[in-house]
Trainee: 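Below: one structure in structure tokens.
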Amino acid sequence: MSNGSISLALESSSSLFTKILHYTRSKNLPKGQSLHAHLLKTGSSSSCIYLSNSIVNLYAKCHRLSDAHLAFQEIQSKDVVSWNCLINGYSQLGRRDSSLSVLNLFKLMRQENALPNPHTFAGIFTSVSTLGDSFTGKQAHCLAFKLGYLSDVFVGSSLLNVYCKAGHYLGDARKVFDEMPERNSVSWTTMISGYALQRMVKEAVGVFSVMLWERGEVVNEFVFTSVLSAIALPEFVYVGKQIHCLSLKNGFLWAVSVANATVTMYAKCGSLDDACWAFELSSEKNSITWSALITGYAQNGDCEKALKLFSEMHYCGMNPSEYTLVGVLNACSDFDALREGKQVHGYLLKLGFEPQMYILTALVDMYAKCGNISDARRGFDYLKEPDIVLWTSMIAGYVKNGDNESAMGMYCRMLMEGVMPNELTMASVLKACSSLAALEQGKQIHAHIVKHGFNLEVPIGSALSTMYAKSGSLHDGNLVFRRMPARDLVSWNSMMSGLSQNGCGTEALELFEEMLHEGIRPDYVTFVNILSACSHMGLVKRGWSIFKMMSDEFGIEPRLEHFACMVDMFGRAGELYEAKEFIESAASHVDHGLCLWRILLSACRNYRNYELGAYAGEKLMELGSQESSAYVLLSSIYSALGRLEDVERVRRLMNLRGVSKEPGCSWIELKSQFHVFVVGDQLHPQIIHIRDELWKLSKLMKDEGYKPDFDLCLELEGVID
DNA sequence: TTAGGGTTAG
């Protein structure tokens, strides 16, 4: 026997007990284990239930549940504390499997006729809320009530947490809360964060105020963090500011968790200056504080500041967490900042971050959104079993890069591998169908949506109505739109665009009026749709007044798209000189000029106003247009005017600038197969029959008296070929 | 003289 063991052997059981307690609190497992060995050797633990329970507790608190279980089984006559030590050990792990073990242990405990006490129920309710099992929660609630334990503040608070976490049971939660004979900081925090989770700001702040009224002070930092987390909308920022000031007044400047919640609160409300102020003010910053401000900037569209802050964080010697990296990668995605994104990628590899699922997803998303789809795919292929978020990122990436066929292919592969889509997946796939105008596939996706039990909420409802509308099925598009339980601005905009693109300008304008009537504030996209509808309908006056209304009433500055719609509107109506004046008053930017003069040039061709057409064409030459159609049209106009020198000059300019005509291309989907045709190609297997049919059609046209318009068809072989 | 509840960042 060593000296240490001799001294242990001589110790009284009360001193042994103090030691176990100390090792348990300090989570000193090795010391605890040697003490346990000593107790087994001397047999002193079996004679004393306090000591044996404490050993179970020691292992449970050190997260060694299998050892705790063994020690528990060694106890001959278990009491309620023995059960509680084990039950609470499992429940405190906070995992799904351990919570299920708790429920099994509770069943065993009842079979062995051991009577649970309030301590037992605290563990039971904690596990039930981890599992989100409100049915078992209700049963345990009844039992606790029957046993008269609900007056215990621990039981009440943990039960409160069951109902708060279940979301739909907030009414039950409030009832439990109101009926508690005693409430403390934990009960307040639980009730407040229950409301915060459901974004019920007024209720959360209400409970906070009642607490202030009853207690006269805020007891700890947790109450502040939970109430601040409820505030995430600009209209409540003034309440947030009051609570922030109160936290400073009550001396919580030291609490980094309060500072983090404050920065997050301001950022979510869109008050970035205040978020910055709270950030500077915090006496201690951790990676969460930095993350909160970085993602705040990213989510409010100031990605440049987010990236700058990230490098500042690096220079301050603060290492980023996974969250910071995900936040900054998302900023790169939104900012189209591939170079910076690659730097962050390199940096995280250097810091030794393993490519875990969410970092990998952020990387795939960043590469895809920044247009580097092949690197995105490499990241995707890295994982053997990608989860639904990663699949969706990859599918959305293909859609964003215009490769809708690959997006559809990925979706089919995903289904074959047995991965269930979520609503974002469905929205992306529907977008691919819209772009392909693939109605049949779109209908199949609609069937999947019904089959998987998704409802027509945004974004699925919006994407589905857009798919139908863009594929020409306006009736179905409208049906989906009307059946959506709630519509956001994007839903209205896409329905309007579907109507406008399919020649239903009047209906688009009616929808616009309806939207204003419902109090939805239009954005710049709305006005693009509406101006385009006016242009197609020839409603010049209406268009003018809407164009003015956009900036005067809604404070939206006109963008290139709006100017283009206006020029198109004048052009279609034959008001060519109005269009010219409009361009000259609006086109201060090169890009604007290039687009606007090009529209006028086409309109001049349609109305055979060659003088003005030549004027617009020369403007395009001055601005260095790279569009082949501009050169072809201008030279044909000069030819029609008999100005052959100018024809030659424009041709030379086109060659000099290396502008070449892209061959025309069209495609059609027949029986799930795409047939693609490019000018001059003979690749289609049925090309002979197709040409035969075309020849018959043109003969029919001639017989009916249609004559081709040769006015602007030139001997441009040298240019076009 | 052993055992219990709540909080912030993506």
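Only heavy atoms go into these numbers, but all of them, side chains included; no hydrogens, no water, no symmetry mates.
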Trainee: Side chain of A:N161 only, heavy atoms from C-beta on: which candidate in B:dT2, B:dG10, B:dG6 is closest?
Mentor: B:dG6
Trainee: If we require ring centres under 5.5 Å and near-parallel planes under 30°, does A:Y323 stack on B:dA9?
Mentor: no
Trainee: Ignoring hydrogens and geometry beyond distance, is the side chain of A:N184 in donor-acceptor contact with the base of B:dG6 at under 3.5 Å?
Mentor: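 Side chain to base: no pair below 3.5 Å.
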Trainee: Taking CZ from A:F224 and P from B:dT7, how many angstroms apart are they, rounded to a whole number?
Mentor: 18 Å
Trainee: Assign A:T264 to base, sugar-phosphate, or nothing according to its heavy-atom contacts below 4.0 angstrom with the strands shown.
Mentor: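 Contact class for A:T264: sugar-phosphate only.
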Trainee: Please report the distance, rounded to the nearest Å, between CG in A:D152 and C1' in B:dG5.
Mentor: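 From A:D152 CG to B:dG5 C1': 9 Å.
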Trainee: Scan A:V263, A:V256, A:T262 and name whichever one has a side-chain contact (heavy atoms from CB on, under 4.5 Å) with A:N260.
Mentor: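 Passing option: A:V256.
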Trainee: What nucleic acid atoms does A:V155 come within less than 4.0 Å of, heavy atoms only: base, sugar-phosphate, or nothing?
Mentor: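 Base contact.
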Trainee: With respect to the side chain of A:S158, which nucleotide from B:dG5, B:dA9, B:dT8 is positioned closest?
Mentor: B:dG5
Trainee: If you only use heavy atoms from C-beta on, which nucleotide in B:dT7, B:dG10, B:dT2 is closest to the side chain of A:T225?
Mentor: B:dT7
Trainee: Verify the distance criterion only: is there a donor paired with an acceptor across the side chains of A:T392 and A:T425 at less than 3.5 Å?
Mentor: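 Present: a donor and an acceptor within the cut-off.
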Trainee: Distance check: side-chain N/O of A:K268 vs OP1/OP2 of B:dA9, anything under 4.0 Å?
Mentor: yes
Trainee: Give one of base, sugar-phosphate or nothing for A:Y358, where a contact means two heavy atoms less than 4.0 Å apart.
Mentor: base
Trainee: Does a nitrogen or oxygen in the side chain of A:K78 sit under 4.0 Å from OP1 or OP2 of B:dA3?
Mentor: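 Checking A:K78 against B:dA3: no side-chain N or O falls below 4.0 Å of OP1 or OP2.
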Trainee: Distance check needed: B:dT8 C1' versus A:H244 NE2, whole Å only.
Mentor: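 So the NE2-C1' distance, A:H244 to B:dT8, works out to 14 Å.
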Trainee: Looking at every strand, decide which applies to A:V153 at a 4.0 Å heavy-atom threshold: base, sugar-phosphate, or nothing.
Mentor: base
Trainee: Under 4.0 Å, counting only non-hydrogen atoms across every strand here, what does A:S185 touch: a base, just sugar-phosphate, or nothing?
Mentor: base
Trainee: Contact class for A:Q92 (heavy atom, under 4.0 Å): base, sugar-phosphate, or nothing?
Mentor: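 Result for A:Q92 = sugar-phosphate.
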Trainee: For a quick check of understanding: with a heavy-atom distance under 4.0 Å over all strands, which category does A:K285 fall into, base, sugar-phosphate or nothing?
Mentor: nothing
Trainee: Looking only at the side chains, is there a donor atom on one of A:H36 and A:Y23 sitting less than 3.5 Å from an acceptor on the other?
Mentor: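 There is no such pair between these side chains.
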Trainee: Report the nucleotide, chosen from B:dA9, B:dA3, B:dG6, that has the shortest atom-to-atom distance to any side-chain atom of A:V186.
Mentor: B:dG6
Trainee: Whole-Å distance between B:dT2 C1' and A:L86 CG?
Mentor: 14 Å
Trainee: How long is the line joining OH of A:Y50 and P of B:dT2, in whole Å?
Mentor: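 Value for this atom pair: 8 Å.
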Trainee: Salt bridge or not for A:K241 and A:D274, using N-O below 4.0 Å?
Mentor: yes
Trainee: Would you indicate what A:N88 reaches in the nucleic acid, counting non-hydrogen atoms under 4.0 angstrom: base, sugar-phosphate, or nothing?
Mentor: sugar-phosphate
Trainee: Just call it for A:S291: base, sugar-phosphate, or nothing, with non-hydrogen atoms closer than 4.0 Å on any strand.
Mentor: nothing
Trainee: Side chain of A:T190 only, please: which of B:dG6, B:dG10, B:dA3 is the nearest?
Mentor: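 Selected nucleotide (nearest to the side chain): B:dG6.
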Trainee: B:dA3 phosphate, OP1 or OP2: any side-chain N/O from A:N53 under 4.0 angstrom?
Mentor: no
Trainee: Of the nucleotides B:dG10, B:dA3, B:dT2, which one has an atom closest to the side chain of A:N330?
Mentor: B:dG10
Trainee: Please confirm whether the shortest side-chain N or O distance from A:N260 to OP1 or OP2 of B:dA9 is below 4.0 Å.
Mentor: no
Trainee: Quiz question: going by heavy-atom distance under 3.5 Å, is there a donor-acceptor pair between the base of B:dA9 and the side chain of A:N286?
Mentor: no
Trainee: Quick one: side chain to side chain donor-acceptor pair (under 3.5 Å) partners of A:D375, sequence neighbours excluded?
Mentor: A:N372, A:R378
Trainee: Determine whether more than 12 heavy atoms belonging to other residues, nucleotides or ligands lie under 6.0 Å from atom NE2 of A:H22.
Mentor: no
Trainee: Check whether more than 12 heavy atoms from other residues, nucleotides or ligands sit under 6.0 Å from atom CD of A:E304, and answer yes or no.
Mentor: no
Trainee: How close or far is atom C1' of B:dG5 from atom CG of A:L160, stated in whole angstroms?
Mentor: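 To the nearest whole Å, that distance equals 10 Å.
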